[in-house]
There are 2 protein chains.
Amino acid sequence: MWALSTSGGGASYHHGDLRRGLIAAGQDLLRSGGVEAVSFREAARLAGVSHNAPYRHFPSREALLAALATEGFLALHRALDRAAGEARPPDRLTALGRAYLRFAEGDRATFRLMFGGTLDRAAHPDLAEASAAAFGTLRGAVAEREPSASAHRDALRAWALVHGLAHLVADRQIEAAQAEACLV
Amino acid sequence: MWALSTSGGGASYHHGDLRRGLIAAGQDLLRSGGVEAVSFREAARLAGVSHNAPYRHFPSREALLAALATEGFLALHRALDRAAGEARPPDRLTALGRAYLRFAEGDRATFRLMFGGTLDRAAHPDLAEASAAAFGTLRGAVAEREPSASAHRDALRAWALVHGLAHLVADRQIEAAQAEACLV
DNA sequence: GCCGGATGTTGACAATGCCCACATGCTCCG
DNA sequence: CGGAGCATGTGGGCATTGTCAACATCCGGC
């Protein structure tokens, strides 16, 4: 048992791929109980190891949270890229916005962790890189549609609009359908 | 000593106005160390009471956090009202947006607590009321400028834009000046 | 003047993050 | 082939926290 295929960058370990297991456990906890519920010891329990094993893979609880957020940015990036590939230029920006909103709606806890400001990006390079990569796709789509001199400001505005809608949806202040109606 | 003037709704108590003192202590902790740093016991320490005294005023730590968020919405509401009063209709909406951004920038920790999604509005009526009141001012200003049939959607869009900018500023992803430039 | 309830205190318990010393089992080098 | 070295996992322990229960104190109304 435990013949996990390490389908990623992680090394292969003693008892399977514990790092991956802890991230999976953390995602479960995050989605079911929010950031507060992500506990080092509980993640260890779910992964079937002792309460101290996680320290061999994450230097602190915050590092685990950063890994979860990084995972989130990777997923968002994939979703944005997919949406960009399926739409032609005129509608592309709207499609990206919709994908952004769908992501926030589909995994509210992760979205809030990603943008909750709890995590210090400077202290977690992987996180900074993953988030910059995701926004690169968005910025590219804006520049493509609006190649004016004020492209930067327009990109920012588009980003902020979508981001604000996503937060409002994640916080259940508005309905997802209302948010999508604002994208036109 | 401890002759605090209870300048609000709180009753007057045994050792002064502990509820107010705990909120003040909580604000200090919040601003200096983020939500995670707001500890029941530390707030009690700052207020000079035993570790269990807070339970006579807040049923749980989350209730204290809710009170801090409520206080934040009251402050935001005041700021928005003041900005609305100082500007005439054409510029009023922009002025409101600026006030919103200034608030988020000036007290990032409180802003994140208010919109972090950690707090269940349904469980804290005061919080729900205070947040609804603050948004009432914003919505009113939008409707005033854009009395079209799609006023609701426009209000939502304006709110989302400002809200997204505020989040990006609070998370230090963009500069406050960049955000203000997007308000026009 | 005293009595009840609101307010504050002390003590305790489980859970958590993190540190230390120790055990285990790959892996690689001779 | 065998043992050394090191990455990985374990167990115990400590300080802190949120919360509960029992007890103390102090105010206002009878």
Side-chain angles (χ1 to χ4, degrees), chain A residues 1-4 6 8-26 28-30 32-68 113 118-120 123-124, chain B residues 1-4 6 8-26 28-30 32-68 113 118-120 123-124:
Chain A
M1 62 166 81
W2 281 123
L4 289 182
T6 59
S12 102
Y13 301 132
H14 209 178
H15 267 50
D17 190 343
L18 183 53
R19 183 184 163 92
R20 188 61 57 184
L22 288 171
I23 288 182
D28 284 356
L29 291 172
L30 179 60
S32 63
V35 189
E36 321 252 327
V38 180
S39 140
F40 238 50
R41 289 169 105 111
E42 185 63 25
R45 239 165 262 140
L46 287 181
V49 293
S50 87
H51 70 266
N52 253 332
Y55 281 92
R56 303 294 155 180
H57 301 271
F58 302 98
S60 69
R61 170 180 183 261
E62 191 187 297
L64 173 59
L65 294 180
L68 294 177
L113 176 62
T118 311
L119 274 39
D120 179 15
H124 305 280
Chain B
M1 62 167 81
W2 281 123
L4 290 181
T6 60
S12 103
Y13 302 131
H14 211 178
H15 267 50
D17 190 344
L18 184 53
R19 183 185 163 91
R20 188 59 58 184
L22 289 170
I23 288 181
D28 284 356
L29 293 171
L30 180 60
S32 63
V35 189
E36 320 253 327
V38 180
S39 140
F40 236 50
R41 289 172 105 112
E42 185 64 24
R45 241 165 262 143
L46 288 181
V49 293
S50 86
H51 71 265
N52 250 333
Y55 281 91
R56 303 295 153 180
H57 301 272
F58 302 97
S60 69
R61 171 180 182 261
E62 191 186 297
L64 172 58
L65 293 179
L68 295 177
L113 175 62
T118 311
L119 274 40
D120 180 14
H124 305 280

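Worth knowing before you read on, the calculation uses all heavy atoms, side chains too, and leaves out hydrogens, waters and symmetry mates. Chain identifiers are assigned alphabetically (A, B, ...) following the order of the sequence lines, protein sequences preceding nucleic acid strands; residue numbering begins at 1 within each chain.
A donor-acceptor pair is defined here as one N or O able to donate and one able to accept, closer than 3.5 Å; such a pair exists between the side chain of Arg61(A) and the backbone of Val38(A).
Side-chain atoms of Tyr55(A) lie closest to dC18(C) of the nucleotides dG18(D), dC18(C), dG11(D). Relative to the side chain of His57(B), the nucleotides dT10(D), dT7(C), dC19(C) differ in distance, and dT7(C) lies closest.
For Ser39(B) and dT16(D), the shortest distance from a side-chain N or O to OP1 or OP2 is not below 4.0 Å. The side chain of Ser50(B) contributes no N or O atom lying less than 4.0 Å from OP1 or OP2 of dT10(C).
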Show the numbers, then the answer: is there a side chain to side chain contact (heavy atoms under 4.5 Å, CB included) between Arg56(B) and Leu18(B)?
CA-CA 9 Å; Arg56(B) 303 295 153 180; Leu18(B) 184 53; over 6 Å; no

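Judged by closest nucleotide on DNA chain D, Val38(B) is the one of Val38(B) and Arg56(B) placed further toward the 5' end. Along DNA chain C, the nucleotide closest to Ala53(B) and the one closest to Ser60(A) are compared, and the more 5′ of them pairs with Ala53(B). Take the nearest nucleotide of DNA chain D for Arg61(B) and for Arg41(A): the residue whose nucleotide is more 5' is Arg41(A). Annotation: of the two residues near DNA chain C, Asn52(A) and Arg45(A), the 5′-most nearest-nucleotide partner is Arg45(A).
Going from atom CG of Leu29(A) over to atom P of dG17(C) covers 10 Å, rounded to whole Å. Rounded to whole angstrom, the span from the CD atom of Glu36(B) across to the C1' atom of dT16(C) amounts to 13 Å. For Glu62(A) and dG17(C), the CD to C1' distance is 13 Å, given to the nearest whole Å. The interatomic distance linking Phe58(A) (CZ) with dC19(C) (P) rounds to 16 Å, in whole Å. Phe40(A) places its CZ atom 13 Å from the C1' atom of dC19(C), with the value rounded to the nearest Å. In this entry the distance linking CG of Asp17(A) with P of dA7(D) reads 17 Å, nearest Å. When rounded to the nearest whole Å, the span between CG of Leu65(A) and C1' of dG17(C) equals 12 Å. Atom CD of Glu42(B) and atom P of dT16(D) are 10 Å apart (whole Å).
On a pure distance criterion of 3.5 Å, no polar donor-acceptor pair joins the side chain of His51(B) and the base of dG8(C).
Atoms CG and CG, on Leu68(B) and Leu22(B) in that order, are 9.5 Å from each other to the nearest 0.5 Å.
With a 4.5 Å cut-off on side-chain heavy atoms, Leu113(B) and Leu119(B) count as touching. Within the 4.5 Å cutoff, the side chain of Val35(A) has heavy atoms near those of the Leu65(A) side chain.
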